[in-house]
There are 2 protein chains.
Amino acid sequence: MIARCDDTRLVPKLTGRQPGCPVCPAFEHGLCEVAREGTWRSSDFLPNLVPQAEFTVRARRLIVHQQDFRDSVPIICSGWAATVELLPDGRRQVLSFLLPGDIVSAGLLFAPKPRRVVEAITEVRYRKYKRDELKKLLCKRPELLERLLKDWLAETTRADHLIVDLGRRSGEERIARLILGLVERLSQRDMVEDNPIAFEFPLRQRQIADAIGMTQVHVSKVFSDLRRNGLVRFRERILTILDLVALRRLASMG
Amino acid sequence: MIARCDDTRLVPKLTGRQPGCPVCPAFEHGLCEVAREGTWRSSDFLPNLVPQAEFTVRARRLIVHQQDFRDSVPIICSGWAATVELLPDGRRQVLSFLLPGDIVSAGLLFAPKPRRVVEAITEVRYRKYKRDELKKLLCKRPELLERLLKDWLAETTRADHLIVDLGRRSGEERIARLILGLVERLSQRDMVEDNPIAFEFPLRQRQIADAIGMTQVHVSKVFSDLRRNGLVRFRERILTILDLVALRRLASMG
DNA sequence: CGCTTCATTGATCAATCTCAACTCGCGTGG
DNA sequence: CCACGCGAGTTGAGATTGATCAATGAAGCG
């Protein structure tokens, strides 16, 4: 049984540990626990680090508007989101997909970015931290800073891969790589079933297209080919990988 | 008179401040001065931070080979270089161009990257720092860490722009933006003449192509158009911008 | 229900690639 | 000194990939 984003069993009450939390950097950092258990109040070096209450937004809505980055940094608790850069003429480019536990761009801790928006793909729960307070905390706790930099490095690495994909790979290759990249990240979060490999795949073709620099129509065609050739199956928002070997070959990932 | 990369007046002896230095992060950080003036020896928190002697490589040679990132971080003292990712089948993608004063990827401080190479575009002088020692130093001197993170942020921002360019802009747009982006960075280094805007442009069309995801042949054609339409002039490796307004319009940069 | 978004498919078009030929400048070795 | 080869750039013809346009059906949602 595959976990659905809208599965009510996965959207428990605010109290207690929530499903994304065990893999959430904020959780690992102890930020959540701190906030939840109230230790921050008694701690002298955490005077104000309370995440604003958890927010929920519905699919297709914006989590962060262009100016909202100014002073807070969101962390995804559950659901999928996308970091999108908007051009004045309406073109869009997805810079990254955000999964449960992802901080919305570690680099954002140091400065806001214009023209950028985070939009919910599924229903998304998230928390926000005040930039200043988070920064102050990081100065006090180098082990947290270290972890955050590691997250940032991973983010940078994914961005570099995307550059190579966009610059030098064909549409088919890019789609295959997108799928495999997501499988990998979802696996770390225990959101993939093995044997056969299957997972919920809430992306619309439009979002895929904006992520890999193609049109929605062309995404549809390439995707159909993958299905026709028996590499994947896609039904009811569940993507199943039927021929991993062929898919990896397509992606030139061995 | 425009500074040429191979101008001997710009390649003075190792002693004293060198041309790229005033804008070099290492210089600003005091790393160079420290090394040169020997203060690091007497300082208790800088036991071993000596940059290895300055290296020089000729154009088209590699500064960093695939494994060389393992334990040292290079900083460009003079000349242009490129960070290149190589695919097994020979395709290449330039991730960034490096100018005097650039650290070869701030993220590299925390982990090496495979498949990546830094190649000299012009003759390049550079220094290397030991990763461990540099890291240790940064822990001791938060103001240096702060600057480094700012550099990293700028790098990340450029990478994001490149993603948008590759995913969503036409060849003409990409070339115009590449030129304007370089003008901006070169200006900060006082390597651009105003009125008319002109600067040495040592990139080969192959390198441009690998940076913006096109073929060399097509770069040649687009570039020819720019010249034919009077937007730029290119003679003896000097690029002159004749119609900045039109170029910015092409780049949709206002 | 009725409407909007999403996906599929086919026809045509445009951007870009591939291949190929040719030029030019430069350095090298005979 | 010259022939030669090599890397770089230009140009044209034709092939390909992916975009655009359009029509239709299916699915999600108030």
Side-chain angles (χ1 to χ4, degrees), chain A residues 4-6 57-61 80 82 87 89-93 119-123 165-176 178 200-229 232-239 250, chain B residues 6 58-61 82 87 89-93 119-123 165-176 201-229 232-239 250:
Chain A
R4 308 281 309 219
C5 292
D6 53 1
V57 295
R58 280 185 296 159
R60 298 293 294 159
R61 299 294 164 82
W80 293 38
L87 301 193
D89 62 1
R91 287 179 290 187
R92 298 156 43 91
Q93 175 67 41
E119 77 178 36
I121 290 169
T122 63
E123 171 171 304
D165 287 353
L166 291 172
R168 287 294 178 232
R169 297 193 210 260
S170 72
E172 251 190 348
E173 253 179 310
R174 284 184 238 170
I175 290 206
L178 175 67
E200 172 158 34
F201 189 80
L203 297 182
R204 307 284 129 167
Q205 292 184 346
R206 168 83 192 288
Q207 293 160 330
I208 299 176
D210 287 336
I212 62 184
M214 325 193 321
T215 55
Q216 176 270 319
V217 173
H218 196 228
V219 168
S220 171
K221 287 170 181 169
V222 173
F223 220 79
S224 298
D225 283 346
L226 291 185
R227 270 178 290 153
R228 208 184 343 277
N229 297 329
V232 303
R233 180 177 54 197
F234 183 55
R235 281 209 297 258
E236 311 179 27
R237 301 274 138 211
I238 304 289
L239 186 71
L250 240 194
Chain B
D6 52 1
R58 280 187 294 159
R60 300 292 295 158
R61 299 294 164 82
L87 301 193
D89 62 1
R91 289 179 289 187
R92 300 157 40 92
Q93 175 68 41
E119 79 178 33
I121 291 169
T122 62
E123 172 170 303
D165 287 353
L166 291 171
R168 286 295 179 228
R169 297 194 210 260
S170 71
E172 252 190 347
E173 255 179 306
R174 285 184 240 170
I175 290 206
F201 189 80
L203 298 182
R204 308 282 128 169
Q205 292 184 346
R206 168 85 192 286
Q207 292 159 331
I208 298 176
D210 287 337
I212 61 183
M214 326 194 321
T215 55
Q216 176 271 318
V217 174
H218 197 228
V219 169
S220 170
K221 287 170 182 170
V222 173
F223 219 79
S224 298
D225 283 345
L226 291 186
R227 271 178 287 150
R228 210 185 341 275
N229 296 331
V232 303
R233 180 176 55 199
F234 184 53
R235 280 209 297 260
E236 311 178 27
R237 301 274 138 210
I238 304 291
L239 185 71
L250 239 194

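In what follows, chains carry the letters A, B, and so on, assigned in the order in which the sequence lines appear, proteins first and then strands, with residues in each chain numbered from 1. Side-chain atoms are counted along with the backbone in the values below, which use heavy atoms only and exclude waters and symmetry mates.
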Nucleotides bounding contact with chain A, strand DNA chain D, heavy-atom threshold 4.0 Å: D:dG18 to D:dG30
Nearest heavy-atom neighbours spanning A:Ser220 and A:Gln205: CB-OE1, 3.3 Å
Neighbours of DNA chain D within residues 219-229 of chain A, by heavy-atom distance under 4.0 Å: A:Lys221
Stepwise salt bridge (charged side-chain N to carboxylate O under 4.0 Å, His left out) check, B:Asp225 with B:Lys221: CA-CA 6 Å; B:Asp225 283 345; B:Lys221 287 170 182 170; over 6 Å; no
Between C:dC6 (P) and A:Asp210 (CG): distance, integer Å: 11 Å
Distance test, side-chain N/O of B:Thr215 to OP1/OP2 of C:dC17, below 4.0 Å: yes
Between the protein and nucleotides 22-27 of chain C, list every N/O to N/O distance that falls short of 3.5 Å.
none

Whole-Å gap separating P (C:dT18) and NE2 (B:His218): 12 Å
N or O in side chain of A:Arg237 less than 4.0 angstrom from C:dA7 OP1/OP2: yes
Non-hydrogen atoms of B:Ala82 and B:Ile121 that approach each other most closely: CB-CD1, 3.9 Å
Gap between atoms CD and C1', on B:Glu173 and C:dA15 respectively (whole Å): 13 Å
Spacing between A:Gln205 atom CD and C:dT8 atom C1', to the nearest angstrom: 8 Å
Distance (rounded to the nearest 0.5 Å) between B:Glu173 CD and B:Arg168 CZ: 12.0 Å
Rounded distance (Å) that lies between atom P of C:dT18 and atom CE of B:Met214: 12 Å
Among C:dT16, C:dT8, C:dT18, the nucleotide that comes nearest once only the side chain of B:Ser170 is considered: C:dT16
Separation of C:dT8 P from A:Arg204 CZ (nearest whole Å): 11 Å
From CD1 (A:Ile175) to CD1 (A:Ile212), nearest 0.5 Å: 4.0 Å
N/O donor-acceptor pair under 3.5 Å between B:Gln93 side chain and B:Ala211 backbone: yes
First of B:Arg60 and B:Arg168 reached from the 5' end of DNA chain D, by closest nucleotide: B:Arg60
CZ (B:Arg61) with more than 12 external heavy atoms under 6.0 Å: no
